[in-house]
Amino acid sequence: MKYEVYGNLGCGYCDFALDLLEEKDLDYEYFDLHSVQDRQKELINIAGYHFYTVPQIFIEQHDDRFENKRVRKRTYIGGYTELKKHLGV
């Protein structure tokens, strides 16, 4: 399982989210939303709505419906506040 954090440089809540994931020793990857604009439509479809704030956090993990470990799925977490709830903080 890997967390994907989409944000912008200089975003305080993005930094808080990254700090929390590091503190919990969780695997994550950070993406600058400006550099992955081609992916934004896919992320909006997963989230179920058009988001305007950052960070936007997803979990990328194996899709248990398939035996092939390379089949992955993304689950939408939300922003920093939702990440804290997700992690029980």
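Heads up: numbering here begins at 1 and tracks the sequence.
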Membership question, hydrophobic clusters at under 4.5 Å side-chain separation (ILVMFWY): are Leu21 and Met1 in the same one?
yes

Do Leu18 and Phe58 belong to the same hydrophobic cluster, where Ile, Leu, Val, Met, Phe, Trp and Tyr are linked whenever their side-chain heavy atoms lie under 4.5 Å apart, directly or via other members? no

Taken to the nearest 0.5 Å, the spacing of Lys85 NZ from Ile77 CD1 works out to 12.0 Å

Between Asn8 and Cys14, the two heavy atoms sitting closest are N-SG, 3.9 Å

Practice task
Answer yes or no: are there more than 12 heavy-atom neighbours, outside Tyr13 itself, under 6.0 Å from its atom OH?
Solution key: no

Once the angle between the rings of Phe51 and Tyr76 is folded into 0 to 90°, is it parallel (under 30°), tilted (30 to 60°) or perpendicular (over 60°)?
-> parallel

So OH of Tyr80 and CG of Asp19: to nearest 0.5 Å the spacing works out to 8.0 Å

In terms of heavy-atom contacts, Lys2 and Tyr28 come closest through CG-CA, 4.0 Å

For Arg72 and His62, the nearest pair of non-hydrogen atoms, with its separation, is NH1-N, 3.3 Å

Minimal heavy-atom distance between Pro55 and Val5, with the atoms involved, is CB-CG1, 4.0 Å

Rounding to 0.5 Å, atoms CD1 (Ile46) and CD1 (Ile59) come to a distance of 12.0 Å

Might you work through the side chain to side chain contact (heavy atoms under 4.5 Å, CB included) test for Arg74 and Leu43, ending with a clear yes or no? CA-CA 9 Å; Arg74 278 193 186 100; Leu43 299 173; 4.3 Å; yes

To the nearest 0.5 Å, atom CZ of Arg39 lies from atom CD1 of Ile44 at 13.5 Å

Sorted by chain and residue number, the side-chain hydrogen bond (donor to acceptor under 3.5 Å, both in side chains) partners of Asp15 (sequence neighbours excluded) come out as none

What one should report as the nearest heavy-atom pair of Ile57 and Gly79 is CD1-O, 3.7 Å

Q) So does Phe16 have more than 12 non-hydrogen atoms from other groups sitting under 6.0 Å from CZ? A) no

(request) Quick one: sort the His50 and Tyr52 rings into parallel, tilted or perpendicular, breaks at 30° and 60°. (result) tilted

message: Can you confirm whether more than 12 heavy atoms, excluding those of Glu22, are under 6.0 Å from its CD atom?
response: yes

For a 4.5 angstrom cut-off between non-hydrogen side-chain atoms, does Glu29 reach Glu60?
no

>> A side-chain contact here means heavy atoms from C-beta on lying under 4.5 Å apart; do His86 and Tyr3 qualify?
In response: yes

Linked, directly or transitively: Tyr49 and Leu33 (ILVMFWY side chains, under 4.5 Å)
yes

